[in-house]
Trainee: 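Quick one: structure below, then a few questions.
All chains are named by letter (A, B, ...) in the order of the sequence lines, taking the proteins before the strands, and each is independently numbered beginning at 1.
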Protein chains: 2
Amino acid sequence: MKVSSSKEDYIKAIFHLQEEDGIVTTNALARQLDTKAASVTDMLKKLKTQKFLLYEKYKGFRLSPEGRKIALQIIRKHRLWELFLVKKLRFGWEEVHEVAEELEHISSKKLIDRLDEYLGFPKSDPHGDPIPDSSGKVPVKKQMNLTEMKLNIPAVVSNISDQSTEMLELLSDKGLALGTKVEVKKRFAFDNSVELKIKNLPAITISGNVAKNVFVTHEE
Amino acid sequence: MKVSSSKEDYIKAIFHLQEEDGIVTTNALARQLDTKAASVTDMLKKLKTQKFLLYEKYKGFRLSPEGRKIALQIIRKHRLWELFLVKKLRFGWEEVHEVAEELEHISSKKLIDRLDEYLGFPKSDPHGDPIPDSSGKVPVKKQMNLTEMKLNIPAVVSNISDQSTEMLELLSDKGLALGTKVEVKKRFAFDNSVELKIKNLPAITISGNVAKNVFVTHEE
DNA sequence: AATTAAATTTAGACAAATCTAAAAAATTAT
DNA sequence: ATAATTTTTTAGATTTGTCTAAATTTAATT
Ligand SMILES: [Mn+2]
Ligand SMILES: [Mn+2]
Ligand SMILES: [Mn+2]
Ligand SMILES: [Mn+2]
């Protein structure tokens with residue numbers, strides 16, 4: 001029972017939207033997959049028939065346990081390939097996604113398990129996202145705030161604990177948001193302030209007060 | 001101007017049949033690709049429209065220069081991936097073909113050139129077949145099969161043209177593999193069978209049928 | 001509650017790749 | 001040179017994934 005690349009992409013996108021927003025809509029999925037709402041509806045029906053999806057028209061949908069299992073396998077492959085590209089083939093972390101979008105559909109299970117081993121059973125990909133293991137279990141990713149981060153390690157903003165308008169305005173002005181990739185370049189013990197670098201932007205400095213509310217993930 | 005996986009497989013198969021037999025027929029192609037003659041004809045028309053093929057119905061066909069260029073790129077990718085699987089992921093040489101059949105369709109040129117570099121710009125794949133370089137040039141290697149070898153000259157097994165499971169099993173049993181050093185000690189004109197000596201092993205005899213599928217070179 | 005707007009689904013069409021069955025052309029045998 | 005056989009091509013369907021335009025359902029406004 002093989003799943004087409006296209007179906008795999010749908011399943012994966014549903015999984016991600018489900019994680020982020022809790023609920024997934026036809027339009028959101030169409031936007032994500034760069035396709036039309038009508039095409040999405042067509043595919044939802046097929047995925048329902050194959051039991052990857054629980055779906056009742058006009059009422060919404062979500063992945064079945066089967067679907068979830070497939071999503072995690074695709075995500076595992078995607079992230080292992082991304083790491084391979086960065087670690088072994090000297091790709092930049094910002095250019096690997098597109099290639100991994102293709103590589104994730106290679107079907108050999110042995111290949112991906114050997115790749116995992118070759119990379120030393122890594123816990124997270126170049127963007128700091130966790131890599132599900134062979135059985136689909138996802139390692140809990142440890143978050144830390146920017147005053148705790150090691151220097152010069154790529155990290156991704158994963159959580160902002162103070163979500164007051166004032167804080168969000170400040171972060172927005174500095175170019176920091178959820179998902180922003182950032183590296184801590186310097187830390188000043190005097191006041192816990194940190195100097196950050198975001199790609200394509202000049203270096204910025206934020207106070208320790210701000211830094212301790214911005215959580216990031218990384219690893220490996 | 002992207003070419004579908006299916007078209008790439010057709011182009012590659014035409015290239016191989018062209019090399020082996022000089023001429024390619026609709027039926028031979030159908031057999032090779034495990035499909036039907038009618039499907040082949042359909043595809044030939046499409047490949048002609050895209051100028052990858054010179055084709056006149058009932059008169060036969062052959063790759064255009066453009067088609068040949070694409071074939072060599074696919075073959076390059078196929079063989080580099082095979083070597084990667086064997087050298088880096090500890091796959092056996094007999095199990096890589098199937099996986100490479102998928103990997104060869106990954107489109108990133110940068111990926112394949114980096115892989116080439118990572119593997120040290122190898123000249124041949126795990127089966128001893130030459131790997132075209134980035135520009136499509138194929139390293140020439142003067143090979144001869146064991147029925148043509150002069151007697152008592154050290155040589156190295158460089159290629160095995162029949163890669164069926166049965167053949168590989170036989171060779172494995174006799175102690176013959178890629179890279180094995182051998183000398184032809186006697187040749188029997190009656191049936192083209194040859195007697196071989198491999199270092200540290202008793203002399204062995206193989207039939208002319210087997211011998212003509214085992215190719216050797218002098219250097220490396 | 002009625003109207004308007006937005007989201008979702010259906011109807012009908014299309015391109016790609018494949019198939020079966022039948023027709024046409026080329027080969028081989030008589 | 002005719003007839004029989006093989007090879008190749010066409011005709012017509014099917015499957016998968018996509019699209020546009022129109023219809024339907026749900027949600028938001030007045
Ligand atoms: Mn993908
Ligand atoms: Mn990633
Ligand atoms: Mn292939
Ligand atoms: Mn090979």
Trainee: Could B/Glu101 and B/Lys12 be called an ion pair, given the rule that one side-chain N must be under 4.0 Å from one carboxylate O?
Mentor: yes

Trainee: Does the side chain of B/Ser134 come under 3.5 Å of the side chain of B/Lys109 through a donor N or O and an acceptor N or O?
Mentor: yes

Trainee: Would you please indicate if the ring centroids of B/His127 and B/His97 are separated by under 6.0 Å?
Mentor: no

Trainee: Taking only residues two or more places apart in sequence, or in another chain, which ones meet B/Lys7 in a side chain to side chain donor-acceptor pair (under 3.5 Å)?
Mentor: B/Gln50

Trainee: Drop me the distance from B/Ser158's OG to B/Leu178's CG, to the nearest 0.5 angstrom.
Mentor: 7.5 Å

Trainee: So what does A/Tyr55 hit on the nucleic acid, given a heavy-atom distance under 4.0 Å: a base, only sugar-phosphate, or nothing?
Mentor: sugar-phosphate

Trainee: Near DNA chain D, under 4.0 Å by heavy atom, which residues of residues 15-28 of chain A?
Mentor: none

Trainee: Just the rounded figure in Å: distance from C1' of C/dT18 to NZ of B/Lys45.
Mentor: 13 Å

Trainee: Give the rounded distance in Å between these two atoms: CD of B/Gln50 and C1' of C/dA16.
Mentor: 11 Å

Trainee: Between the side chains of B/Asp133 and B/Ser135, does any donor sit under 3.5 Å from an acceptor?
Mentor: yes

Trainee: On the ring face of A/Phe84, is B/Lys88 found with NZ or CZ under 6.0 Å from the centre and within 45° of the axis?
Mentor: no

Trainee: Does a donor on one side chain and an acceptor on the other come within less than 3.5 Å for A/Glu102 and B/Ser107?
Mentor: yes

Trainee: Which letters describe nucleotides 15-29 of chain D, given B = protein heavy atom under 4.0 Å from base, S = only from sugar-phosphate, - = neither?
Mentor: --BBBBB--BSS---

